[in-house]
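All ligand and atom numbering here is 1-based and tracks the order in the structure.
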Amino acid sequence: MARTGPQTQTGKIRLLGRNRAALEQFAAGRGQPPYRGRQLARWIYARGACDFASMTDLPALWRAQLDEEAEVGRATVARTQRSRDGTAKLLLELQDGQRVETVLLPYEDRTSVCISTQVGCPVGCTFCATATMGLIRNLDAGEIVEQVLAGREHAPSRSGPSVTHVVVMGMGEPLLNYEPLVAAVRLLHDEMGLSYRHLTVSTAGYIPGILQLAEEGLPITLALSLHAPDDALRAELIPMARRYPVQELMDAMQEYTRKTSRRVSLEYLLLADVNDTEPHARALARLLRGTITHVNLIPWNPVASFSQFQAPSSARVRRFRQVLERAGIAVTQRAERGQDIDAACGQLVIKEGVRREAPPIPINTLAGSHV
Ligand code: SAH
Ligand code: SF4
């Protein structure tokens with residue numbers, strides 16, 4: 001019998017993460033008509049089935065055979081924390097025991113899930129809790145997608161809006177785990193019915209990844225974490241920025257817009273006295289003059305052990321915003337959600353039980369040492 005993919009730690013073939021064509025091939029390799037593969041896809045992604053027993057329109061005999069050699073391969077939700085504001089943080093335990101966090105954000109009119117793409121992150125931003133983990137490993141496409149499946153299962157009301165938006169702003173730098181990210185984005189669209197326009201990928205500014213994504217023809221939103229108007233300050237905050245100057249990032253963003261017809265939004269994290277002063281705001285306004293960029297201001301969410309940073313005062317945030325608005329730049333401000341359960345942006349870190357069988361991969365050996 002043809003094997004179409006790697007076996008899991010249970011010795012079974014894992015189906016989660018495969019697209020429809022791969023599942024059709026899997027079915028065909030077992031003497032089944034291709035539509036059986038499409039049924040598998042529907043059960044796994046649209047209906048969120050965790051085992052073959054629940055796939056009631058598959059022949060009982062085939063279900064038993066499937067059970068012998070394969071599995072859906074979902075992670076378990078090891079812990080759920082709910083915030084006062086309705087935000088929920090899910091701790092997913094993956095098949096190898098690694099853990100990753102996913103955040104569910106219910107709003108009046110939509111529900112977002114904030115997903116992770118890596119266990120930890122190799123980029124090492126000085127203000128981000130995830131950075132303290134280093135990179136432990138990349139997630140595969142199935143592990144990225146199943147966070148949305150888990151989010152959907154934990155959405156407050158089945159009758160209310162299910163998951164409508166996905167933001168790739170959890171743990172990890174998505175563009176340093178490129179192929180699984182793109183495979184997951186396609187699965188979210190093709191199999192789970194999410195609109196590309198409701199998918200946002202946030203990057204710390206890995207230019208080769210931005211340019212590659214521009215070529216995919218996926219009309220998803222790209223959010224660039226800029227955080228500083230000049231190279232020197234940016235490199236202090238985001239070590240990777242040493243290799244990717246601000247001006248080249250602006251060019252890469254334009255290229256993304258040209259290829260996808262999607263605007264790139266800029267994220268600007270505000271750290272008290274570091275990058276939140278009026279001169280910083282004016283420098284940012286100058287940098288963006290003539291572009292149609294939209295800026296999302298993110299007041300820093302405190303991370304307890306980072307004594308070198310402080311959240312900006314609301315007066316500073318207001319002033320920063322005014323300077324940009326007066327320069328004709330569209331500005332929004334990120335609503336702070338889930339802070340009481342450390343579920344806000346940049347607060348995700350696995351506090352206990354990080355499994356480090358192998359030492360973390362040194363940053364300069366990753367992705368052709370572009371980091
Ligand atoms: N690695 C990607 C996506 C994950 S981080 C990136 O950096 O863009 C998502 C966003 O959270 C980024 O804009 C990041 O700079 C921001 N962030 C990190 N730490 C934060 C913190 N403590 N408070 C607020 N935002 C933070
Ligand atoms: Fe990684 Fe993004 Fe955190 Fe930087 S801000 S360490 S890129 S997750």
Under 4.0 angstrom from ligand 1, any heavy atom of Gly205?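 It does not, in that no heavy atom of Gly205 comes within the 4.0 Å cut-off of ligand 1.
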
Run the contact test for Cys125 against ligand 1 with a 4.0 Å cut-off on heavy atoms, strictly below, and give the result.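 Flag not set, Cys125 not near ligand 1.
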
Can you tell me if CD on Gln310 sees more than 12 non-hydrogen neighbours from other groups inside 6.0 Å?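 Check fails, neighbour count at 12 or below.
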
If you count every heavy atom of other residues, nucleotides or ligands that lies below 6.0 Å from Glu68 atom CD, does the total exceed 12?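 It does not: Glu68 CD has 12 such atoms or fewer within range.
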
Taking both backbone and side-chain atoms into account, decide whether Cys125 has an N/O/S atom under 2.8 Å from atom 1 (Fe) of ligand 2.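 No N, O or S atom of Cys125 is closer than 2.8 Å to atom 1 (Fe) of ligand 2, so no.
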
List ligand 1 atoms under 4.0 Å from [X], heavy atoms only on the residue side.
| X | result |
| --- | --- |
| Gly172 | 1 (N), 2 (C), 3 (C), 4 (C) |
| His227 | 13 (O), 14 (C), 15 (O) |
| Thr203 | 6 (C), 8 (O) |
| Gly170 | 4 (C) |
| Glu267 | 13 (O) |
| Glu173 | 1 (N), 2 (C) |

Numbering as shown, the atoms of ligand 2 that approach [X] to under 4.0 Å (heavy-atom distance):
| X | result |
| --- | --- |
| Ala204 | 7 (S) |
| Ala131 | 6 (S) |
| Cys121 | 1 (Fe), 6 (S), 7 (S), 8 (S) |
| Gly172 | 8 (S) |

Closest approach of Ala223 to Glu267 (non-hydrogen atoms, all atoms of both residues):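 Closest approach of Ala223 to Glu267: CB-OE1, 3.3 Å.
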
Looking just at side-chain N and O atoms, do [X] and [Y] make a donor-acceptor pair shorter than 3.5 Å?
| X | Y | answer |
| --- | --- | --- |
| Arg152 | Ser162 | no |
| Gln212 | Tyr206 | no |
| Gln39 | Gln32 | no |
| Thr203 | Glu173 | yes |

Side chain, backbone, both or neither: the part of Asn301 lying under 4.0 Å from ligand 1 by heavy atom: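 Within the 4.0 Å criterion, Asn301 contacts ligand 1 through backbone and side-chain atoms alike.
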
Do side-chain atoms of His198 reach the backbone of Thr164 as a donor and acceptor pair under 3.5 angstrom?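 Such a contact is found between His198 side chain and Thr164 backbone.
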
Would a distance-only check, ignoring hydrogens and angles, find a side-chain to backbone donor-acceptor pair under 3.5 Å from Asn177 to Leu139?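 Answer holds: yes.
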
Among Phe309, Tyr206, Trp300, Phe306, which one puts a heavy atom closest to atom 22 (N) of ligand 1?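 That would be Trp300.
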
Can you check whether Phe127 and His227 have ring centres sitting under 6.0 Å from each other?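 So the answer is yes for these two rings.
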
Any heavy-atom pair between the side chains of Leu284 and Ile329 that's under 4.5 Å?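 No - every pair of side-chain heavy atoms lies 4.5 Å or more apart.
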
Specify whether an N/O/S atom of Cys128 falls short of 2.8 Å from atom 3 (Fe) of ligand 2.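 Checking atom 3 (Fe) of ligand 2 against Cys128, an N, O or S atom does fall under 2.8 Å.
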
Test of proximity, Leu269 against ligand 1: N or O pairs below 3.5 Å: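 Between Leu269 and ligand 1 (N or O atoms, distance only) the closest approach is not under 3.5 Å.
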
